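First the structure, which I've put down as structure tokens, then a few questions once you've had a look.
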Amino acid sequence: MTDSPAHILIVEDNQDNRTLLKDMLSMMEYKITEAVDGVEGVEKAIRDKPSLILMDLSLPQKDGWTATRELKANKEVAHIPIIALTAHAMLGDRERALKAGCDDYLSKPINLAELAQKVKTYLDKSQIEPDKSNNVE
Ligand code: MN
């Protein structure tokens with residue numbers, strides 16, 4: 001029925017959060033890749049070209065804002081939607097995330113319904129780009 005599942009890259013240094021996100025998204029049948037810091041996040045985004053990136057902001061090696069700016073400045077991956085994961089309900093963090101190029105944000109603790117809705121919204125948007133030609137009518 002469906003074609004290959006959308007691929008989501010989770011960039012998050014906290015293992016508990018990573019596991020939680022992975023469990024939630026796997027339940028929705030997405031393919032998941034994980035990165036544990038900003039450097040690995042940028043590398044895997046460029047290597048794998050996921051359909052969507054969930055980006056923690058507070059990350060070792062390279063923070064989420066910097067990683068996002070780098071990805072959005074790279075033509076190969078600039079089109080990939082990035083949803084920031086904001087640890088604190090801090091307005092400043094969110095504004096900085098959007099300014100860095102994040103398309104949206106989710107507040108921690110992550111709410112399953114909100115996560116599902118935002119992921120779906122951005123994956124639907126990215127379908128507009130004719131990456132795959134699967135016109136099976
Ligand atoms: Mn973190």
Side-chain angles (χ1 to χ4, degrees):
M1 294 282 270
T2 52
D3 40 350
S4 60
H7 176 185
I8 300 175
L9 172 63
I10 301 170
V11 188
E12 164 67 82
D13 60 315
N14 180 287
Q15 188 175 352
D16 290 340
N17 288 341
R18 233 174 27 244
T19 302
L20 180 71
L21 283 165
K22 199 181 166 181
D23 288 350
M24 287 178 169
L25 294 166
S26 300
M27 224 159 62
M28 293 179 251
E29 301 189 330
Y30 296 119
K31 182 188 167 196
I32 309 301
T33 308
E34 300 166 69
V36 300
D37 61 49
V39 171
E40 192 185 27
V42 169
E43 282 172 3
K44 289 193 171 174
I46 292 169
R47 186 191 72 188
D48 298 343
K49 311 218 171 28
S51 325
L52 178 77
I53 299 169
L54 297 178
M55 180 75 78
D56 182 31
L57 293 173
S58 178
L59 290 168
Q61 311 297 335
K62 183 179 283 181
D63 66 40
W65 295 283
T66 306
T68 297
R69 271 193 295 273
E70 287 183 15
L71 292 172
K72 291 298 183 181
N74 181 331
K75 277 180 190 160
E76 274 188 88
V77 290
H79 64 281
I80 300 173
I82 299 179
I83 301 178
L85 306 173
T86 61
H88 324 283
M90 281 178 65
L91 220 66
D93 275 3
R94 295 174 183 178
E95 283 169 357
R96 280 175 65 207
L98 298 177
K99 219 170 165 181
C102 290
D103 299 87
D104 208 333
Y105 57 80
L106 281 164
S107 303
K108 295 182 193 174
I110 300 297
N111 171 285
L112 177 58
E114 197 184 357
L115 172 72
Q117 185 259 314
K118 288 209 173 175
V119 164
K120 189 177 182 312
T121 299
Y122 284 94
L123 288 177
D124 286 349
K125 276 187 200 171
S126 62
Q127 294 298 317
I128 297 163
E129 287 169 55
D131 247 54
K132 313 176 257 184
S133 52
N134 46 358
N135 299 320
V136 190
E137 284 288 298

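What you see is a predicted model, and the numbers here were worked out from it, not measured in a lab. First listed ligand is number 1; within each ligand, the first listed atom is number 1.
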message = Just verifying a value: how many Å separate Lys118 NZ and Leu123 CG, rounded to the nearest 0.5 Å?
response =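 That separation rounds to 14.0 Å.
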ask   = Between OG1 of Thr33 and CD1 of Ile10, what distance do you get to the nearest 0.5 Å?
value =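 If we round to the nearest 0.5 Å, Thr33:OG1 and Ile10:CD1 are 8.5 Å apart.
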request  = Tell me how many protein N, O or S atoms are closer than 2.8 Å to the Mn ion (ligand 1).
outcome  =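 For the Mn ion (ligand 1), protein nitrogen, oxygen or sulfur atoms under 2.8 Å: 3.
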key: Straight-line distance of His7 NE2 to Ile80 CD1, nearest 0.5 Å   =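 These two atoms lie 9.5 Å from each other.
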request  = Test side-chain hydrogen bond (donor to acceptor under 3.5 Å, both in side chains) on Thr66 and Glu70 and set out the steps.
outcome  = CA-CA 6 Å; Thr66 306; Glu70 287 183 15; over 6 Å; no
message = Around atom NZ of Lys31, are there more than 12 heavy atoms from other residues, nucleotides or ligands closer than 6.0 Å?
response =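 No.
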request  = Return yes if a side-chain donor-acceptor contact under 3.5 Å exists between Thr19 and Asp16, otherwise no.
outcome  =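 No - no donor-acceptor pair under 3.5 Å links their side chains.
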